[in-house]
Protein chains: 2
Amino acid sequence: MSTADRDEATASLEHQIAMLLRRVRRGTAERAALVHPDLHPTSYSLLFTLVDFGPRRARELAEMFALDKGAVSRVVHQLVELGFVERTPDPDDGRAQILAATPAALTRFEEARAGRRKHLDQRLSDWGTDEIAELAAGLARFNDVSPE
Amino acid sequence: MSTADRDEATASLEHQIAMLLRRVRRGTAERAALVHPDLHPTSYSLLFTLVDFGPRRARELAEMFALDKGAVSRVVHQLVELGFVERTPDPDDGRAQILAATPAALTRFEEARAGRRKHLDQRLSDWGTDEIAELAAGLARFNDVSPE
DNA sequence: CTAAATAGTTGCAGAATACAACTATGACTT
DNA sequence: AAGTCATAGTTGTATTCTGCAACTATTTAG
């Protein structure tokens, strides 16, 4: 296995990730609107994180998305007003608050997820279950790097 | 292989894609600045597309990124001013123009790509070349769906 | 030859983000 | 225990991005 092979493999991976990014980004706005018409792509992403990865502080969200904490603050404010996020004071730190997706948000996301899933199922129709699992595992391994 | 298995595999894939998206998005602004300090994330993405996928019309870029043609027009204008994009009239259509990355853009991207690649290499340091190729192939298959 | 459609530009308004100043709380030092 | 510094979050301000709409120029269809 030569160095050239490895370079080619890496280049290909980079290329494919860029491609995926473009495709996914393209649909984010639509998916956001599916959950709620007033939901911006950014709000959607933040809410998605709370739904999928569990409650956390605003600061963490800001770090995860490399977003200004002020911007996060306003987005969260909107999400709270829409009834999608609930704040509770952090018992460990009087300055902080824990943000959590509300049951309403979970419900909406589950409904929207059904639509997404249907789309995804179509796209994966000629894949074997093991092939899907394999790709997911590969991505998981790629994602699961100690945070820089 | 049960239906539950397949659902789980699909859910895992969806989850991992979301994770990847967040990680990649997080670094886009930095990478854009690496190419040129005045380059916005969107400009970077559009330019990246021209570099990686070849010349095309503004309208195509707008469609690829689901972006307003007005916004694309302005971004392109900026890219031209920075010397990263060159316009040539479309021989087949007097209204249109073909946008292409300039040699300067290619050079800058190549330099920036070296930085990215280094980061990627580190991240893949304990991967086998065949494993990298496999993940890239999986993503390629996933990406390569007839456009909706 | 006229009418409808398309590529792109530009004016305008609204929204999102970054930056900075500020409050409140916690951690650390002495 | 007091003082200093760091941190969580909010809010004001300015800038920038984006979408929408109106407009020009060119092509395509009837």
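Please read all numbers here as calculations on a predicted model, not as lab measurements. Order of the sequence lines sets the chain letters (A, B, ...), proteins ahead of strands, with each chain counted from 1.
Aromatic rings of F48(B) and H15(A) (six-membered ring for Trp) have centroids beyond the 6.0 Å cut-off, not under it.
A continuous path of hydrophobic side-chain contacts links L21(A) to L20(B) [ILVMFWY only; heavy atoms under 4.5 Å]. Hydrophobic cluster membership differs between V24(B) and Y44(A), with clusters built from Ile, Leu, Val, Met, Phe, Trp and Tyr side chains linked at under 4.5 angstrom.
For dT10(C), neither phosphate oxygen OP1 nor OP2 lies less than 4.0 angstrom from any side-chain nitrogen or oxygen of S73(B). Not one side-chain nitrogen or oxygen of R87(B) sits closer than 4.0 Å to the OP1 or OP2 atom of dA7(C). One finds no side-chain N or O of R59(A) lying less than 4.0 angstrom from the OP1 or OP2 phosphate oxygen of dT10(D).
If you take CZ of R57(A) and P of dA24(C), they are 19 Å apart, rounded to a whole angstrom. Rounding to whole angstrom units, CG of residue L46(B) and P of dC17(D) are separated by 12 Å. Between E60(A) atom CD and dA8(D) atom P the separation is 9 Å, expressed in whole Å. The CD atom of Q78(B) sits 14 Å away from the C1' atom of dT18(D) (whole-angstrom rounding). What separates CG of L67(B) from C1' of dG19(D) is a distance of 9 Å, to the nearest Å. Atoms OH (Y44(A)) and P (dA16(C)) sit 17 Å apart, rounded to a whole Å. Rounded to a whole Å, the CG atom of D90(A) is 13 Å from the C1' atom of dT7(D). Distance NZ (K69(A)) to C1' (dA6(D)): 11 Å, rounded to an integer number of Å.
A salt bridge does not link D130(B) with R6(A): every distance from a Lys NZ or Arg NE/NH1/NH2 to an Asp or Glu carboxylate oxygen is 4.0 Å or more.
Distances were taken from every side-chain heavy atom of Q97(A) (C-beta onward) to each of dT18(D), dA7(C), dG9(D); the shortest belongs to dG9(D). The side chain of H40(B) sits closest to dC17(D) out of dC19(C), dC17(D), dG19(D).
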Could you go through nucleotides 25-30 of chain D and list every protein N or O atom that sits under 3.5 Å from one of its N or O atoms, giving the distance for each pair?
unit_1: dT27(D); atom_1: OP1; unit_2: G94(B); atom_2: N; d: 2.9

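For R108(A) and F84(A), the positive end is not near the middle of the six-membered ring at less than 6.0 Å and at most 45° from its axis. Geometric assessment of R31(B) against the ring of F109(B) yields a negative cation-pi assignment under the 6.0 Å and 45° thresholds.
If you check the side chains of Q97(B) and T88(B), you find no donor sitting under 3.5 Å from an acceptor.
Annotation: of the two residues near DNA chain C, A58(B) and T42(A), the 5′-most nearest-nucleotide partner is A58(B).
Across all strands, R74(B) comes closer than 4.0 Å to base atoms (heavy-atom distances).
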